[in-house]
Amino acid sequence: MHDKDVNPGAEYPDMEIGANKKWAVGVPAIVHSMEYALTEMGPSRTARLLTSMNQKDGFDCMSCAWPDPGKRNILEFCENGAKAVTWEATPITVPTSFWAENSLTSLLDKSEYWLGQQGRLTEPVYKPAGSDHYEPVSWDRAFALIGERLKGLASPDEATFYTSGRTANETAFIYQLFVRAFGTNNLPDCSNMCHESTGTALGETIGIGKSTVAYDDFEKADLIIVMGQNPGTNHPRMLGALEEAKRNGATIVAVNPLPEAGLIRYKNPQRVRGIIGRGTAIADHFLQIRSGGDMALLQAISKRVLAAEAAAPGTVLDHAFIAAHTSGFDEFAENIARVDDHVVREATGLTDEEIETLAQLYAKSDKVIITWAMGLTQQKNAVATLKELISLLLLRGNIGKPGAGASPIRGHSNVQGDRTMGIWEQMSDRFLDALGKEFDFAPPRPHGADALQTVDGLKRGAIKVFFAMGGNFVAAISDTAVAEAAMRGAQLTVQVSTKLNRSHVVTGEEALTLPTLGRTEVDLQASGPQFVSVEDSVCAVHASHGKIPPVAPNILSEVAIVTRLARATLGDSTGIDWAGFEADYDKIRDHISRVVPGFERFNTDVRRKGGFILPNGPRDTRTFDTATGKAMFTVNELDPLDCPDGRLILQTMRAHDQFNTTIYSLNDRYRGVKNGRDVIFVNPEDIAELGLKDGQRVDIFSEWKDDPDRVLRNYRVVSYPTARGCAAAYYPEANVLIPLHSVSDYSNTPASKAVIVRLEPVGVLVP
Ligand code: SF4
């Protein structure tokens with residue numbers, strides 16, 4: 001029996017629900033971004049920043065990791081990028097009095113939106129053990145305190161060091177160096193929660209966990225399949241690349257449970273037809289797949305491609321590529337021959353005709369790109385799904401030729417670069433050998449804790465110090481209540497941040513919040529102004545130069561925070577020139593050039609306008625650093641998601657006015673939601689079948705064997721054209737429904753797109 005609250009009333013009393021939109025961007029995107037920017041930053045700051053954003057001598061957008069074209073427009077950003085800049089570059093600051101006026105207990109009741117609205121953090125603050133308030137503290141005292149606590153641990157593995165995807169290459173490199181010199185590989189990152197499945201699957205099958213396409217490949221492709229992805233909200237400038245591909249004759253197929261506006265039509269604000277015309281239809285075909293059905297679809301297409309080859313031998317497969325560059329074809333083909341069409345129909349919710357259409361398109365297209373995001377990576381079978389995606393591409397040699405390839409799209413600006421720099425709990429011996437040789441020490445070898453293992457370690461008391469370089473860990477991770485309880489068990493939690501969020505409020509016994517510079521701000525050090533660098537989704541590395549003065553004088557750069565932390569913790573014991581790193585970031589890049597392959601001429605190449613492209617074996621030379629030395633076809637058993645009658649498959653997703661856990665406003669324009677977030681989108685036929693009504697309030701229960709149900713209370717049912725049997729609710733609120741152990745096999749990524757839920761009308765007792 002669950003305790004049941006009587007409906008306490010909606011959390012967002014002013015919420016309005018309208019129709020979902022059939023196109024994305026256009027004039028409203030310009031109006032919304034300018035309105036927000038001008039209100040928050042004023043005209044001159046807005047003009048200065050938005051004309052520098054994503055330019056070759058400007059700063060890199062801190063939002064998603066979509067790449068930049070070679071030729072840039074004067075304004076090279078999207079609505080979401082403008083919001084991200086505005087959010088960071090606001091001149092509003094948190095006053096010193098805030099800390100005395102607001103207890104941590106009172107801040108627990110504030111929303112993410114409210115916390116972010118308080119402005120930029122300007123001074124380090126400390127919460128002593130037993131206190132309910134942060135209080136200002138000097139930087140020296142803050143570093144001394146962290147150093148003392150770290151040195152007091154029984155083992156370095158009792159500390160963990162999280163990284164968010166905003167962290168630049170230079171910071172990431174010295175951060176992982178410090179952590180490994182301290183003695184642990186506990187380096188969880190946000191990638192653990194998003195594209196870890198991509199890294200696992202692609203690392204095994206093609207030898208690199210990254211995209212095999214370059215930016216220009218999009219304009220050369222014949223067919224682009226966009227799977228489990230909502231570019232209109234999560235990486236809007238990708239719509240420009242898709243529009244360009246359409247103009248060059250490409251066919252685009254979208255595979256998604258929701259008919260997202262950006263997948264339907266794009267009104268490019270840089271073109272007349274996007275301002276006053278109808279814009280460009282993006283998806284030629286929309287396959288409205290059931291959540292979790294992607295692996296079945298990919299296998300079904302491979303089956304049809306193999307059947308077409310059998311019917312007309314030598315005409316469909318790329319035999320020369322398969323013979324020269326792959327292994328495992330025969331076993332793969334045998335397994336695919338067993339794929340049951342009935343199971344595929346059930347798993348995908350698609351008709352044979354829809355699947356056949358895509359299979360025929362694939363078989364006749366010479367250059368195919370498949371792109372994907374969280375819709376594929378946050379499934380229980382995500383790794384197997386992505387291995388099937390690679391196998392499908394291999395069948396027709398769609399890796400390592402112009403206009404073709406596998407293209408995971410990353411959600412945070414330098415999440416890929418952080419990995420390249422060594423932020424991973426399981427870096428290879430090759431990397432650790434090079435790091436140890438460069439700095440004359442022995443990096444620890446046992447794998448460290450990833451994000452979920454960090455929560456588990458905190459829960460068990462095995463991890464006592466949690467340090468976060470950016471991000472909002474307790475909001476981002478699944479099983480919110482468990483994660484927050486675990487965090488409260490820490491002896492010390494430290495957050496390096498630009499603005500307040502939930503993770504500053506859910507603290508360990510002692511806590512510190514350290515304010516840091518934003519990407520937009522000039523980073524002045526002893527040798528002069530510094531720049532940093534980032535790597536985008538297609539492996540291009542480029543510089544990012546801050547443009548405006550720091551919002552307050554007492555803020556340190558992330559690099560300075562790491563170097564001072566290292567000195568306070570390690571003293572002179574390592575012989576590493578931490579002070580030199582802080583004074584001149586070129587010194588960091590010199591070390592990177594000797595440790596990380598592809599960066600050999602880093603200080604020279606990064607100064608070229610537009611930066612440089614990292615080497616990529618599969619893309620450049622069709623070489624594959626795998627167990628067989630070739631690209632690997634694999635055998636994966638289909639294990640479709642079992643959704644009992646009367647239940648729905650729920651996926652979590654962002655609203656349009658949101659970036660990861662950051663909420664810019666309470667609106668989701670494309671899905672017709674205004675002033676609210678407590679909604680669950682359900683297909684109208686499912687609403688009727690469940691005996692519910694549009695607009696009704698329900699509690700959402702997720703059911704877990706051998707584990708208590710999780711619940712989100714008092715959500716409004718919104719009739720929406722989702723795939724039958726599927727529902728959607730906003731992240732991060734819906735994270736409470738996902739227990740820590742509900743993960744993708746092999747990658748340990750939260751299975752946020754495959755949550756089986758039942759909806760109970762509010763006010764009805766649950767037996
Ligand atoms: S597409 Fe991504 S990187 Fe580009 S401006 Fe928009 S949010 Fe920023």
Side-chain angles (χ1 to χ4, degrees), residues 24-26 28-30 32-34 36-37 46 49-56 58-89 164-168 190 194-195 211 215 218 226 229-245 260-263 266-270 274 282 371 373-374 407-418 518-520 532-544 547 610-611 654-665 669-670:
V25 192
I30 303 175
H32 282 276
S33 30
M34 284 305 138
Y36 185 47
T46 297
L49 288 176
L50 294 187
T51 52
S52 301
M53 186 173 180
N54 293 326
Q55 300 298 335
K56 290 181 179 171
F59 65 91
D60 187 68
C61 174
M62 62 292 288
S63 188
C64 83
W66 180 250
D68 301 311
K71 188 168 170 299
R72 315 271 161 98
N73 294 307
I74 295 171
L75 298 180
E76 194 60 66
F77 58 87
C78 69
E79 178 185 353
N80 289 20
K83 287 177 193 156
V85 167
T86 305
W87 189 85
E88 177 191 292
S164 101
R166 191 200 56 186
T167 307
C190 56
C194 58
H195 267 293
S211 172
Y215 188 90
F218 282 92
V226 181
Q229 194 184 345
N230 177 14
T233 283
N234 298 329
H235 16 261
R237 280 195 306 152
M238 182 180 175
L239 296 178
L242 295 178
E243 180 183 52
E244 204 54 41
E260 305 287 13
L263 297 173
Y266 170 48
K267 293 195 179 184
N268 186 342
Q270 313 257 10
I282 293 295
T371 78
M374 308 297 91
S407 180
I409 306 296
R410 313 270 171 178
H412 206 164
S413 64
N414 199 39
V415 63
Q416 186 163 310
D418 291 342
R519 283 253 179 97
T520 50
V532 292
S533 65
V534 295
E535 176 185 342
D536 63 31
S537 280
V538 295
C539 313
V541 178
H542 55 270
S544 178
K547 292 291 170 191
R654 296 184 203 167
H656 186 60
D657 277 8
Q658 175 177 356
F659 169 66
N660 292 343
T661 57
T662 305
I663 315 292
Y664 301 129
S665 90
R669 189 168 82 246
Y670 295 153

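Since we're looking at a predicted model, the values are computed, not measured. Note that ligands are numbered from 1 as they come in the structure, with each ligand's atoms numbered from 1 the same way.
The contact set between ligand 1 and Gly81, taken as ligand atoms under 4.0 Å from a residue heavy atom, comprises 5 (S), 6 (Fe), 7 (S), 8 (Fe). The Ser63 neighbourhood of ligand 1 comprises atoms 7 (S), with distances under 4.0 Å to a heavy atom of that residue. Of all atoms in ligand 1, numbered sequentially from 1 with element shown, those under 4.0 Å from a heavy atom of Cys61 are 3 (S), 5 (S), 7 (S), 8 (Fe).
A distance-only check finds no donor-acceptor pair linking the side chain of Glu243 to the backbone of Ile282 [under 3.5 Å]. In this structure, the side chain of Asn660 does not engage the main chain of Thr662 through any donor-acceptor pair within 3.5 Å. Remark: side-chain polar atoms of Asn54 are paired, donor with acceptor, to backbone N or O of Glu76 under 3.5 angstrom. Of the possible polar contacts, none joining the His32 side chain to the Asn80 backbone as a donor-acceptor pair under 3.5 Å is found.
Residue contacts to atom 2 (Fe) of ligand 1: Cys78 brings no N, O or S atom closer than 2.8 Å.
With a 4.5 Å cut-off on side-chain heavy atoms, Ser407 and Phe218 count as touching.
With hydrogens left out, the protein atom closest to atom 4 (Fe) of ligand 1 is Arg237 NE, 2.7 Å, a heavy atom. Regarding atom 3 (S) of ligand 1, its nearest protein heavy-atom neighbour is Cys64 O, 3.4 Å.
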